[in-house]
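Report on one structure; see the data block that follows.
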Amino acid sequence: MNSLEKVLKTLQDKFGASITGHASPLPTRLFINIKAEKVREISNEVVALGGRYLVGIGHDNIARDGNIGMIHTFGFDKDNFIVHLNAAVPGSNPVMPSITPDIPGAGWSEREYQDLLGMKFEGHPKPKRLVVADDWPADIFPMRKEVPYNMVPPAAEDVAYQLDECPEGCSIIPVGPFHTALHEPEHFAVYVDGETIKGCDYRGFMTHRGIEKLCESQVSYNEVPFIAERICGICGSVHATAYSQAVEMAGGIPVPKRAEYIRSLLLEIERLHSHLLWLGVAGHLIGFDTVFMQSWRVREQIMWLSERITGNRKTYGMVIVGGVRRDITPEIGEDILKVCAKVEEEVKIIHKSITGDTALHKRTKGVGYLSKEEAVKWSLVGPVARARGIDIDVRRDHPYAAYSELQFNVPVVDTCDVWGTLVVRLLEIYESISLIRQIIAKMPKGEILTELSEEIPPLKHGISVVEAPRGESVHFVITGEENRPDRWRVRAPTYPNLQAIPAMLLNDQFADFPIIVGSIDPCFSCTDRVEVVNITSGRKRVMSKSEIEFISRGNM
Amino acid sequence: MFENLSKKLFGKSLWLYHCNTGACNGCDIEILNVLTPYYDVERFGMKLVASPRHADVMLLSGAVTRPTLPLVKKAYDALPNPKLVFGVGSCATGGGCWFDSYNVTGGAAGVVPVNYFIPGCPPRPEAIIYAVALALGLVDKQVAPVELKQMEFPIDVYERNKAWEERNTIYQLIQD
Amino acid sequence: MDIVYIVVNIIIFLAFAPLFEGIVRKLTAKVQSRQGPPVIQPYYDLIKLLGKENFIVGNWVFKLAPLMSFAAILSVICFVPLGYTANFLTQYADVITIIYLLTMGGVSILLGALSSRNTFAMMGASREMVTMIMVEPVLAMTFFVGAVKVKSLGIDATIFSVMNTGYSWAVLLMMVLYLMALQAFVGKQPFDIAEAEQEILEGPFIEYSGPNYALFKYSMMLKQMFYASLFVMVFVPFLYTGVYALDIAIQLCEIALVYVVIALVGATNPRLRIDQAVKYYAVLIVLALSAVGLSVYGI
Amino acid sequence: MWLTSKIKQVLMVIKPGVVTLNYPFEKRPVPENFRGAPYWDHEKCIGCGGCANHCPARTILVRDICQEIRVMVYDGSRCTYCGRCADVCPENAITMTDRYELATDDRQDLNESMELFMLTCQRCGRCYDMENVNMIDRMDLQGYRYDNIEARAFIRKTTDRFDPEMLKKTAEYKRPSKIGE
């Protein structure tokens, strides 16, 4: 009796009454339908059994059975399976108990569906607006099926961010939307007393583009991977692979072995160029431009290589539902091996010249400290967690694509600071290169795209977990009619890591703010949300940098 | 006193200010790529500056999303006067895949007066340098609208087309 | 006749300061395996900035600050005995005036930052103040080491003290200290904390645009060249030929060498935080005091 | 320790040396299956609308003026160069060229409009049978297409949803009975 049945049994005999049914389409997935009132106790029980909160998905089922579904998903890393708790509330008054007080990770999924689906969660510590813009009318919920995808309500005039009270004795520094250190528009209000940071508040979602709504109403199955790739400009094919795997799991579509090997190859190439990119940006953030220039010079070889393989430097466009679009011919294989050998030897030079540099140690050691227990509490993922001693890696815990047949070890460091993330990412570069060599050696023959004989059955649930360069990325799909997914949910790796930013920032110098935020390699266009830490939630008008300029130009 | 001399040298030292208004940061990485050794745009005297006050060129990437609309306008006002705006990437040129989504205002054209568009998703660093060279007048434009007509109507076409053209408004609209 | 020396001083400094800045940018680019800008790029930048629109954000102090900083550094340049000839202005001023004029340059940056009412400018101003307070003593000690030996505070006396009285342990120690603090004087990479581009968006100068910013940048370049020429005049006096023009040419080459050192150190160092920089300066000040102590006992 | 790594960092540049490409004056060759701007071969195009259905950025718009004329407009400003239309085209009329220098100061330069002469057969989409028999792609049967080209809007479904008065305006169009009429 493996642990999946054990979890099911403990839940059944503890909450037998409120479990209305369960299903297990795959040995690694368990769907449990529960009554909405008991959601808090059951999720605490699942977390007590060792589950880690992945993501919450709200989907609008009003057209079919008149209620709105809320699915909380928990991952069990040690024995590789995922549990869904499906709860449903009537569409007329979608009120549900919140599970955030005990599981901080769920705070945002619930806030997101307060904005997008109009649900109410009692007991949520901070039920503020998260996803839609500040001047969005309060009664329109974009993700409802009856709201058209291209409805743009008139813009209210200059509405300020609702940020939190600044702790006493601190001044507010608005790290505004267009800041050179963060290459994406989001607003951090950093509460600084002198040079040390006392707190940080965040207003994001300026890169929210309504992709999920678009893919539910306008484009069909095989176009969504191309839009998924454009969610994030760095880890594009991670999202495309995760989406395709979710649809294949939901529709039961077999993927040829060769296509899985090509997908893993693309993911590893993307990890190489993403880690080198981060190394450069980290060097740039602490003012060390030589590392930035040298690591990006090395990275350019990989960009040219991926251009030769896939036709575009960054959005590879290779992954579609059922397989891959282009094949990897043997001479492309040698080309890859040649480039990998060159990149490995250049990264060794950079690595040797960085590790001994005490000036660099001064700026990264002990900066952004977060102990292992706190990292577990914030459920961090990816290199940020591995730098804090947490040994999780989705490629080994929940193997997907071709990773079950490849050997690699996961670098874990326990210095718990920015230096740790740098060391982990450098070691992962070497791991990726050895993985690419294994993939090219073991790639089987066979065709690269399955022929879909019949339509994908509607209303099937599918979830897939992929190890992006920044951490674990979760995609959830509910298949629908008209050749289009009914619901598609994306949770990017930066989502939990961003929550820990305020905890990492406490009592650090403001000069370290860019490198700490940079150390989790944030991809705001993937997620665009961080939990607000501060104590009271009050109305406080804080101006962004541009606003200050606007006022400081004398036209108060 | 230095107006005309500075106008002449404006092209030789352009300072870039990067505004990401809701892009997937593919274009932002290509903008940073333009500074790296292989493409090194600093040999034309260009530098990425941190404050809009010092900048001459505003690199706008991303389909302007709803929250960033007023902020981009304010950042545009903060640039001192002889200024240019470059729309980098398909998102800034026409709004990208999500041009009509509920939270996107579809492209930079309507928000700030954009001087040069650089299509591409993401545009290659060479394409960005090509656009800058186009702005400096070193190279000429390689794209033009294409009107193709498969074949003429087999029957007497002249009066038929006249009746047909004024009946449908398609030709005037494409000229807009 | 002495007016010629002053005019030569000003022309040489105004002409060569952007050129040396161009050398630094070119060398930094070469270390980063890039082609780098043409060496006369700073001239283009300055002229372009002069032609741009000028935003007056604060009150009259905002307009005064760049003029004050440019005037301060220009007056310091008049006193500098370039090419081993002290012009008639040098006996009117002594070392203390040079130090105060340099401090006035720093104060003008503070005034400009505070009058622009921008949060980042305030942070930049506070960092600039801390750097100025911690770094002035080292500059003062370099003069006092010479002054104590030559028993006079005159500019030409102290600057040529090493030339007249030769090397001693104190002077050697002071030379090393000066080189260590050179990056901080000049405001280059390990210590360009006041206008950290990534963290506080070019600190004090965030609100300046057009001609005002050009004046600030020009005065920063002139300050850089002044510190480099000070090192050359005080610590490297042995290529003395007597012919005025030839001496100046030699000194300009030595200044170029000092700039090469600045560029290399700047290209290979991350920026330090303000508290780490303060600890570093504290060590420098203590050593500088011990150097002056040594020179008092004539070692 | 600090000094040795500094020297290594300076020496790190000696091996590669200065690598800047002299781009605008000599261009680097583009890899052969590069996805640049798409090229329409209007002789081969049969106007099946397959590319319009499968463009993720919905940039290809189709409008039937009457039974004989189909106008296809490619709005290049939004194209993301994914190459999907080139894959899906049954006649291989669309090929991805290697042109990437598309910078322009006027958005209209990127547009392309094509007017096709349709044989007067019933365009019920049967003519669009893809070689690769991927079921998902063949499920998009399109009837008489009427996208809203003015607003660059791509109308998702077939005849039942386009606006009636546009249909009325083209209703009185007289089909040519014989030459010279």
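Just so we're on the same page: letters track the sequence lines, and every chain starts at 1.
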Among the listed options D:G36, D:S77, D:C45, the residue most often paired with chain B at heavy-atom distances under 4.5 Å: D:S77
CG on D:D105 to CG on B:L84, rounded to 0.5 Å: 11.0 Å
Heavy-atom proximity to chain B below 4.5 Å, by part of D:C79: backbone
Chain D interface, residue from B:A131, B:P119, B:A127 that has the most non-hydrogen pairs under 4.5 Å: B:P119
Donor-acceptor contact present, side-chain D:T20 to main-chain B:Y39, <3.5 Å: no
Derivation and outcome, side-chain contact (heavy atoms from CB on, under 4.5 Å), residues B:C97 and D:T80: CA-CA 7 Å; B:C97 307; D:T80 53; 3.6 Å; yes
Worked verdict on D:R78 versus B:T93 for side-chain contact (heavy atoms from CB on, under 4.5 Å): CA-CA 7 Å; D:R78 299 203 312 269; B:T93 317; over 6 Å; no
Verdict with supporting geometry, D:R99 and B:V143, side-chain contact (heavy atoms from CB on, under 4.5 Å): CA-CA 10 Å; D:R99 282 189 10 232; B:V143 277; 3.8 Å; yes
Chain D contact via B:A135 - side chain, backbone, both or neither, heavy atoms under 4.5 Å: neither
Part of D:E43 lying under 4.5 Å from any heavy atom of chain B: backbone
ring-ring contact (aromatic ring centres under 6.0 Å, His included) partners of B:F86, counting only residues at least two apart: B:Y116
Among D:L102, D:D106, D:T104, residue most engaged with chain B (heavy-atom pairs, under 4.5 Å): D:T104
From B:L148 atom CG to D:M114 atom CE, the distance as rounded to the nearest 0.5 Å: 6.5 Å
Minimum heavy-atom distance between B:E147 and D:S113, given as atom pair plus value: OE1-OG, 3.3 Å
Carboxylate-amine/guanidinium proximity below 4.0 Å for D:R28 and B:E126: yes
Interatomic distance, D:E101 atom CD to B:L134 atom CG [nearest 0.5 angstrom]: 10.5 Å
Chain B contact via D:R35 - which portion, at a heavy-atom distance below 4.5 Å: neither
From CA spacing to verdict: side-chain contact (heavy atoms from CB on, under 4.5 Å), B:R43, D:N22: CA-CA 10 Å; B:R43 53 196 157 103; D:N22 189 3; 3.8 Å; yes
Spatial distance of atom CZ (D:R107) from atom CZ (B:F117) [nearest 0.5 Å]: 5.5 Å
Among D:Y23, D:Y81, D:W40, D:Y74, residue most engaged with chain B (heavy-atom pairs, under 4.5 Å): D:Y23
Closest contact, heavy atoms only, B:R124 versus D:Y100: NH1-CE2, 3.0 Å
Residue B:K83 excluded, over 12 heavy atoms near NZ under 6.0 Å: yes
Distance-minimising heavy-atom pair for B:Y38 and D:V19: CD2-O, 3.6 Å
